[in-house]
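One structure is given below, encoded as structure tokens.
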Amino acid sequence: MKIVVVGSQGTLGRELAKSWNDPRVNRRVAENLGANEDTRKDEIIPLGLPDFDVCSRLIAVDTIVGFRPDVVVNASGVNLIDWLESRPNTARTIHEHGPANIREAARRTGALFVQFGCGEIFYRSRLEPGVKDARERETTPERARLAVEHFADPASLDWPIDPNAEGFDETTIPNPASVYAKTKLESERVAAEAPKSLILRFSSLFGETTEYSSGNLVASLLKAFCRARRVSAINDCVMEPLWAVDVLCALKTLLRVEARGLVHLAAGSRATPEDVARELLEASGLRGREIVGVPMKEYGVSAPHSVFTLLKSQRAQEWSDVYRIPDWRRAVRDFLDWRQAQF
């Protein structure tokens, strides 16, 4: 297959462009599935800043069409939730206009459009042990109206959730609160209008960063451990960190089975950022560091952040030969091993 990777300089795009044909990825998939290693190679065409701007319609459409790809993967985007909250036009340009350009290129070439979504579209304001599952309230007419419009005042979406609740599956009605989440949900809608599309959502992503990356939890924690002896980490937010390489492994196998539509990538494991910090500190072997758990409000966030972005997948059961996302703890340790092998 000929695959164009848009946003090839970001955390996910970099891994897709750099590691797609890496033998270690093929071995990881084979071990995960208990199958023989797939040695087929695809042609990967990376497109990213500063040479390629997906938001420029003329450049983006003509460039992608010129390659006549079988698949266009959109890994572009900005996940700086607070920064985007005061820049809605920037968010719309990146998360709506960019995907619209890819959709047009996919329409002209007959390519499959792969778009990535996020767990932030399921806004929950606070954790509350024992609270009734908020999804049952989503079926009321008023809640449904707000979810469909998805540009409601965040105050009207003041839904608590039990920290031990199940993750949101592909049938859960989104209710984004931040500008980031609203425009990311719109990017899914744009992709769904392509003749052929695959939309993959995950709770949280980590991996190597570049000068064009927005950053991620694990990379930020590693930097913090190098700068300070005492590191703060949020303790009232439930999520599941996915390694960019595992997203790549899942995508490769989903393409092989010709998956279409919306699919959640999840292992069913959960963590707070504080949990991730403690696991990362232990796995990295660093000594003399102290981790302090703090509530999200102490970080002074300016945009509404969901305290629960955990996902689950109903559709994963449709295929027996699609990569199963591993537990986040194993993923963190595998990432450190992978990273160490590069030095």
Side-chain angles (χ1 to χ4, degrees), residues 1-5 12-13 15-17 19-44 69-75 106 110-119 121-122 166-174 187-189 191-205 207 239-270 309-331 334:
M1 288 187 290
K2 183 185 290 187
I3 301 168
V4 165
V5 176
L12 179 55
E15 213 61 74
L16 295 176
S19 304
W20 192 283
N21 292 315
D22 191 317
R24 293 176 298 174
V25 170
N26 294 334
R27 285 196 296 271
R28 189 171 180 83
V29 172
E31 291 171 2
N32 182 276
L33 299 178
N36 293 327
E37 186 175 328
D38 187 349
T39 58
R40 287 176 291 181
K41 293 185 179 297
D42 297 306
E43 180 181 354
I44 306 301
D70 300 297
V71 180
V72 183
V73 181
N74 183 26
L112 171 68
F113 182 4
V114 178
Q115 174 67 39
F116 296 100
C118 65
I121 65 172
F122 301 108
E166 290 189 337
F168 306 113
D169 64 32
E170 292 92 343
T171 66
T172 306
I173 300 173
S187 73
E188 295 184 14
R189 184 194 65 77
E193 292 177 347
K196 295 185 295 185
S197 65
L198 175 61
I199 300 166
L200 304 180
R201 287 183 189 149
F202 44 76
S203 172
S204 178
L205 182 81
M239 35 90 83
E240 182 178 36
L242 268 66
W243 183 23
V245 167
D246 285 324
V247 175
L248 165 58
C249 291
L251 174 56
K252 290 188 70 170
T253 56
L254 285 164
L255 292 181
R256 299 300 185 200
V257 300
E258 299 184 351
R260 300 290 185 269
L262 173 64
V263 179
H264 284 187
L265 301 181
S269 59
R270 68 182 67 209
T309 60
L310 197 68
L311 303 180
K312 63 179 290 189
S313 180
Q314 289 187 340
R315 296 206 59 201
Q317 310 307 316
E318 296 180 14
W319 308 282
S320 60
D321 48 357
V322 166
Y323 185 83
R324 306 301 179 190
I325 302 295
D327 180 278
W328 71 266
R329 289 180 178 82
R330 178 190 167 183
D334 287 350

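Computed from a predicted model, the values in this text were never measured in an experiment.
- Checking Asn26 against Glu37 by side-chain atom types alone, no donor-acceptor pair falls below 3.5 Å.
- Take Glu43 and apply the side-chain contact (heavy atoms from CB on, under 4.5 Å) test, not counting sequence neighbours, and it matches Lys2, Ile45.
- Results of the side chain to side chain contact (heavy atoms under 4.5 Å, CB included) test with Val72 over Ile3, Val4, Val114 single out Val4 as the only residue that passes.
- Without hydrogens or angle criteria, Lys196 side chain to Arg260 main chain gives no donor-acceptor distance under 3.5 Å.
- The two atoms that bring Asp327 and Ser269 nearest to each other are OD2-CB, 3.2 Å, heavy atoms only.
- In terms of modelled atom types and a separation under 3.5 Å, the side chain of Thr309 and the main chain of Gly119 share no donor-acceptor contact.
- Counting heavy atoms from C-beta on, the side chains of Val73 and Phe116 come closer than 4.5 Å.
- Residues passing the side-chain contact (heavy atoms from CB on, under 4.5 Å) test with Thr171, sequence neighbours excluded: Asp169, Gln314.
- Here CZ of Arg201 is found 8.5 Å from OG1 of Thr172. Values are rounded to the nearest 0.5 Å.
- Formation of a donor-acceptor pair under 3.5 Å by the Lys312 side chain with backbone atoms of Ala266 is not found in this model.
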Intermediate values then yes/no, side chain to side chain contact (heavy atoms under 4.5 Å, CB included), Trp20 and Leu248: CA-CA 7 Å; Trp20 192 283; Leu248 165 58; 3.3 Å; yes
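- Considering only residues two or more places apart in sequence or on other chains, Arg256 meets the salt bridge (charged side-chain N to carboxylate O under 4.0 Å, His left out) condition with Asp38, Asp42.
- Not a single donor-acceptor pair under 3.5 Å links the side chain of Trp243 to the backbone N or O of Gly207.
- Every residue meeting the side-chain contact (heavy atoms from CB on, under 4.5 Å) condition with Ala259, not counting sequence neighbours, appears here in chain and number order: Leu198, Leu254, Val257, Trp319.
- Ser187 contributes atom OG, which lies 8.0 Å from atom CD1 of Ile199 (distance to the nearest 0.5 angstrom).
- Closest heavy-atom contact between Glu188 and Gly117: OE2-CA, 3.5 Å.
- Screening Arg329, Arg28, Arg27 against Asp334 for a salt bridge (Lys or Arg N to Asp or Glu O under 4.0 Å) leaves a single residue, Arg28.
- Listed for the Thr253 side chain is a donor-acceptor partner under 3.5 Å among the backbone atoms of Ala250.
- Residues Tyr323 and Asp246 meet the side-chain proximity criterion, which asks for heavy atoms closer than 4.5 Å.
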Working for side chain to side chain contact (heavy atoms under 4.5 Å, CB included), residues Leu265 and Ser313: CA-CA 7 Å; Leu265 301 181; Ser313 180; over 6 Å; no
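- A distance-only check finds a donor-acceptor pair linking the side chain of Glu240 to the backbone of Ala267 [under 3.5 Å].
- Between Trp328 and Arg270, the shortest heavy-atom distance links the atoms NE1-O, 3.1 Å.
- Shown here are the side-chain contact (heavy atoms from CB on, under 4.5 Å) partners of Ser204, two or more places apart in sequence or in another chain: Met239.
- Contact detail for Arg315 and Val263: the closest heavy-atom pair is NH1-CG2, 3.6 Å.
- Separation of atoms CD1 (Ile325) and CG (Leu242) is listed at 5.0 Å; rounding is to 0.5 Å.
- The distance from atom NE2 of His264 to atom CG of Leu200, rounded to the nearest 0.5 Å, is 10.0 Å.
- Between Met1 and Leu255, some side-chain heavy-atom pair lies under the 4.5 Å cut-off.
- For the residue pair Ser320 and Leu33, the shortest heavy atom distance occurs at O-CD2, 4.5 Å.
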Residue pair Glu15, Val247: steps toward the side chain to side chain contact (heavy atoms under 4.5 Å, CB included) verdict: CA-CA 9 Å; Glu15 213 61 74; Val247 175; over 6 Å; no
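- The nearest pair of heavy atoms linking Ala191 to Ser197 is O-CB, 3.1 Å.
- Using a 4.5 Å heavy-atom threshold, the side chains of Asn32 and Cys249 count as separate.
- For Asp22, the salt bridge (charged side-chain N to carboxylate O under 4.0 Å, His left out) partners two or more places apart in sequence, or in a different chain, are Arg24.
- Phe122 has its side chain within reach of Pro174: a pair of non-hydrogen atoms, C-beta onward, lies under 4.5 Å apart.
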